[in-house]
Novice: 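Input: one structure, supplied below.
All chains are named by letter (A, B, ...) in the order of the sequence lines, taking the proteins before the strands, and each is independently numbered beginning at 1.
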Amino acid sequence: MDNKAIVKKEEDFAKWYTSIVRAAHLCDYSSVKGCMVIEPNGYAIWEKMQEILDKKFKELGHVNVQMPLLIPENLLKKESDLVEGFAPEVAWVTLGGSKELEERLAIRPTSETMFSDYYHTHINSYKDLPKLYNQWCNVMRWEKETRPFLRSREFLWQEGHTIHASEKEAENETKQMIEVYRWFHNEILAIPSITGLKTPKETFAGAEYTLTNEALMYNGVALQSGTSHYFGQKFSKAYDIKYTNKDNKLDYVYQTSWGTTTRMIGGLIMVHSDNYGLVLPPRIAPKQVVIVLITGNEEETNLANKYKDELLKDGISVYIDDTDKSPGFKFAEAEVNGIPVRIEIGARDLKDGKITIARRDTREKTIIPSDIDIASYVKELLEIIQNDMYQRAVERRDSLTFKAHNMKEMKEILDKQPGFIHAMWCGNEECENKIKELKGCKSRCIIQDGERIDYNCVCCGKPGKYHVIWGIQY
RNA sequence: CGAGAAGUAGCACAGCUUGGUAGUGCACCACGCUUGGGACGUGGGGGUCGCAGGUUCGAAUCCUGUCUUCUCGACCA
């Protein structure tokens, strides 16, 4: 039996999630609440995410920098909305050795302030613009309730902070980066996601507006997965980021920030995984193929090495499991770790010149000739798995997508099954608050080119100005 | 932050009521034998019982505090 039992998804989704995290060795608890040990399997996924996103960021002209971990209190206080928004969850350093600090230092919950302070002293001319900086780092937010990957006090993320000479250019950047997140979720993580505008109530502290990428988990709960903020000149005025423009006049820069986190690992689990363990889409799987030797004899070993070389040559990541565990153990272990494709080489099949290939997502096995062009066969199979996983996720999301025309319908849907609920909204925060009384249902985003579902607000019945997606969130 | 539950070996748990030598299964190590869905045999190693106080001759067990985890709710830019 497995030493890490997996709870059944249908019986208790929350416990199932945690058991997958532990069974697949993605992370473990530490002695500090909300601060996780990200284990090799989990960190490898994060590295793969970094690799793909970082390449995309750089293609779009961004460069990486590293800002300090600590922010002096006076610096953090300069932008009042930001301070207010983050105050309840900032952790402070008050001692240096045994000596009390004259000014306490915040452990960064986000780095707008540090970037702004840096830009303040480094921008003089329109020729210095734009600055397209990003950093990969850890941040800390003193959350009360924590869950592995979904909500931790310390987490890893990337935060892009850019400044521009024109409003239009900054707005284009904001839009461009939310598109990157949408692309990443749909194409790489096989998680169908929707982008839209946050309502003012849900907008990032200090931003003029926030664009968000929203995904729906298997249980119908929404997960915010990547946000991109447009700051206009709010921060540049608070932090005095001025430059001389072409007309020899002083002007403030236009600013953006955008980020996504290790929370996406939680999203991967909650969209794709099953009762046998993790299921990873091939494009994000750190190891795409495992070759399992049944007896480990010379013939099996030689063929495995040949396959490995051919697959590696084609850019497919692969490893051979030649431990002396029983075949069943190796199969189960590869499954719990979510390896997309498993090649089983055994003496029995080899006698007939055959091997067995198993795909993780469906757990189907196929017996094929051993002299097949393994690289092109596997390459095609990985693409099929990627697409099938995406299609299944789309179907699941669509089956959990509803329309509501009034509060009665809204309540009926939420009582039965949470999901994405499309409904019109008048734009009044009072209605948002009333809807929130229904099981904590909140606006996910305003769909900008969405259809008109109704003429009236789902809550108050006044003219419905916006097509909003509502849902219960993590 | 509120309500509830839990913390004993890597994992799952028993022991606690009624204080008296730290247990079981799996995992781990060695050897042997095996190998197509989590094999088997023999032997072996591993624990300040979450932490800190208290009661007691003596605490995993009783008392107080605290930390951590889980579930449900409140909160969540």
Novice: Could you state the CG-P distance from N297(A) to U34(B), rounded to the nearest angstrom?
Specialist: 15 Å
Novice: Please report, rounded to the nearest Å, how far the P atom of U69(B) is from the CZ atom of R153(A).
Specialist: 8 Å
Novice: Which nucleotide in the list C76(B), G36(B), A39(B) gets nearest to the side chain of S326(A)?
Specialist: A39(B)
Novice: Rounded to the nearest angstrom, tell me the gap between atom CD in E333(A) and atom C1' in A39(B).
Specialist: 16 Å
Novice: State plainly whether the residues K201(A) and E430(A) are in salt-bridge range, i.e. N to O under 4.0 Å.
Specialist: no
Novice: Taking atom P in both G38(B) and G47(B), what distance in whole Å separates the two?
Specialist: 33 Å
Novice: Please determine, for the side chain of Q473(A), which listed nucleotide (U71(B), C76(B), G36(B)) has the closest atom?
Specialist: C76(B)
Novice: Output yes when R22(A) and D28(A) qualify as a salt bridge under the 4.0 Å nitrogen-oxygen rule, no when they do not.
Specialist: yes
Novice: Checking the side chain of E159(A) only, and the main-chain atoms of G259(A) only, is there a donor and an acceptor separated by less than 3.5 Å?
Specialist: no
Novice: Can you check side-chain hydrogen bond (donor to acceptor under 3.5 Å, both in side chains) on N213(A) and H185(A), steps first, answer last?
Specialist: CA-CA 9 Å; N213(A) 185 69; H185(A) 279 77; 3.2 Å; yes
Novice: With both distances under 3.5 Å as the test, what is the Watson-Crick or G-U wobble partner of A9(B)?
Specialist: none
Novice: Roughly how many Å apart are G4(B) and C16(B), using the P atom of each and rounding to a whole number?
Specialist: 25 Å
Novice: Centroid separation under 6.0 Å, is that true for the rings of W136(A) and W46(A)?
Specialist: yes
Novice: Need one value for E145(A): base, sugar-phosphate or nothing, where a base atom within 4.0 Å counts as base even if backbone is also close, heavy atoms only.
Specialist: base
Novice: Could you pick out which residue, D12(A) or G85(A), lies toward the 5' side of RNA chain B when each is mapped onto its nearest nucleotide?
Specialist: D12(A)
Novice: With a non-hydrogen cut-off below 4.0 angstrom, is K436(A) in contact with a base, only sugar-phosphate, or nothing?
Specialist: sugar-phosphate
Novice: Considering every strand and a 4.0 Å limit on heavy-atom distances, what is the contact class for R147(A): base, sugar-phosphate, or nothing?
Specialist: sugar-phosphate
Novice: I'd like to know if E335(A) reaches the base of G37(B) with its side chain, counting only an N/O donor and acceptor under 3.5 Å.
Specialist: yes
Novice: Reckon G34(A) touches a base, only the sugar-phosphate, or nothing at all at heavy-atom distances under 4.0 Å?
Specialist: sugar-phosphate
Novice: Quick test of your reading of the model: are R363(A) and E335(A) salt-bridged, counting only N-O distances below 4.0 Å?
Specialist: yes
Novice: For the side chain of A14(A), starting at C-beta, report the closest nucleotide among A39(B), U71(B), G37(B).
Specialist: U71(B)
Novice: Ring-plane angle category for W157(A) and F155(A), please: parallel below 30°, perpendicular beyond 60°, tilted otherwise.
Specialist: perpendicular
Novice: Figure out the CZ/C1' separation between F329(A) and C28(B), and round it to whole Å.
Specialist: 11 Å
Novice: For T356(A), report the nucleic acid contact type (base, sugar-phosphate, nothing); a contact means any heavy atom under 4.0 Å.
Specialist: base
Novice: Given the ring of Y474(A), does R147(A) sit roughly above its face, with NZ or CZ under 6.0 Å from the centre of the six-membered ring and within 45° of the axis?
Specialist: no
Novice: What is the pairing partner of C1(B), taking Watson-Crick or G-U wobble pairs with both distances under 3.5 Å in any strand?
Specialist: G73(B)
Novice: Would you mind telling me which residue lines up with the more 5' stretch of RNA chain B, F204(A) or Y276(A), judged by nearest nucleotide?
Specialist: Y276(A)
Novice: Looking at every strand, decide which applies to D324(A) at a 4.0 Å heavy-atom threshold: base, sugar-phosphate, or nothing.
Specialist: nothing
Novice: Nearest whole angstrom, please: distance from the C1' of G7(B) to the NZ of K33(A).
Specialist: 15 Å
Novice: Nearest whole angstrom, please: distance from the C1' of C76(B) to the CZ of R151(A).
Specialist: 5 Å
Novice: Between G37(B) and K365(A), counting only base atoms on the nucleotide and side-chain atoms on the residue, is there a donor-acceptor pair under 3.5 Å?
Specialist: yes
Novice: From CZ of R363(A) over to P of G36(B), roughly how many Å is that when rounded to an integer?
Specialist: 17 Å
Novice: On a whole-Å scale, what distance lies between the P atoms belonging to G65(B) and G23(B)?
Specialist: 32 Å
Novice: Check every strand shown and say whether T295(A) touches a base, only sugar-phosphate, or nothing at a heavy-atom separation below 4.0 Å.
Specialist: base
Novice: Between C11(B) and U17(B), how far apart are the P atoms? Round to whole Å, please.
Specialist: 26 Å
Novice: Who is the Watson-Crick or G-U wobble partner of G38(B), with both distances under 3.5 Å?
Specialist: none
Novice: Find the distance I294(A):CD1 to U34(B):C1' and express it as a whole number of Å.
Specialist: 14 Å
Novice: Which of parallel (below 30°), tilted (30 to 60°) and perpendicular (above 60°) describes F115(A) and Y119(A)?
Specialist: tilted
Novice: Name the nucleic acid region contacted by A207(A), choosing base, sugar-phosphate or nothing; use a 4.0 angstrom heavy-atom cut-off, strictly under.
Specialist: nothing
Novice: Roughly how many Å apart are A6(B) and G46(B), using the C1' atom of each and rounding to a whole number?
Specialist: 25 Å
Novice: Measuring only the C1' atom in each nucleotide, how far is A39(B) from G32(B)? A whole number of Å is fine.
Specialist: 14 Å
Novice: With rounding to the closest Å, how many angstrom separate the C1' atoms on G19(B) and C62(B)?
Specialist: 8 Å
Novice: Report the base-pairing partner of U55(B) (Watson-Crick or G-U wobble, both distances below 3.5 angstrom), or none.
Specialist: none
Novice: Does any N or O donor sit under 3.5 Å from an N or O acceptor when you compare the side chain of R22(A) with the base of G10(B)?
Specialist: no
Novice: Please determine, for U17(B), whether a Watson-Crick or G-U wobble partner exists with both distances under 3.5 Å, and give it or none.
Specialist: none
Novice: Let's see if you can work this out: which of C76(B), U71(B), G38(B) has an atom nearest to the side-chain heavy atoms of E89(A)?
Specialist: C76(B)
Novice: Under a 3.5 Å cut-off for both distances, is C28(B) Watson-Crick or wobble paired, and to whom?
Specialist: G44(B)
Novice: Reckon K325(A) touches a base, only the sugar-phosphate, or nothing at all at heavy-atom distances under 4.0 Å?
Specialist: base
Novice: What's the gap between C70(B) and A12(B) when it is taken at their P atoms, as a whole Å value?
Specialist: 13 Å
Novice: Describe the nucleic acid contact of A205(A) in one word from base, sugar-phosphate, nothing, applying a heavy-atom distance below 4.0 Å.
Specialist: sugar-phosphate
Novice: Determine the contact category for Y29(A): base if any of its heavy atoms lies under 4.0 Å from a base atom, sugar-phosphate if only primed atoms, P, OP1 or OP2 are that close, otherwise nothing.
Specialist: sugar-phosphate
Novice: Check every strand shown and say whether E143(A) touches a base, only sugar-phosphate, or nothing at a heavy-atom separation below 4.0 Å.
Specialist: nothing
Novice: When we call it a touch if two heavy atoms are under 4.0 Å apart, what does T210(A) touch: a base, just sugar-phosphate, or nothing?
Specialist: nothing
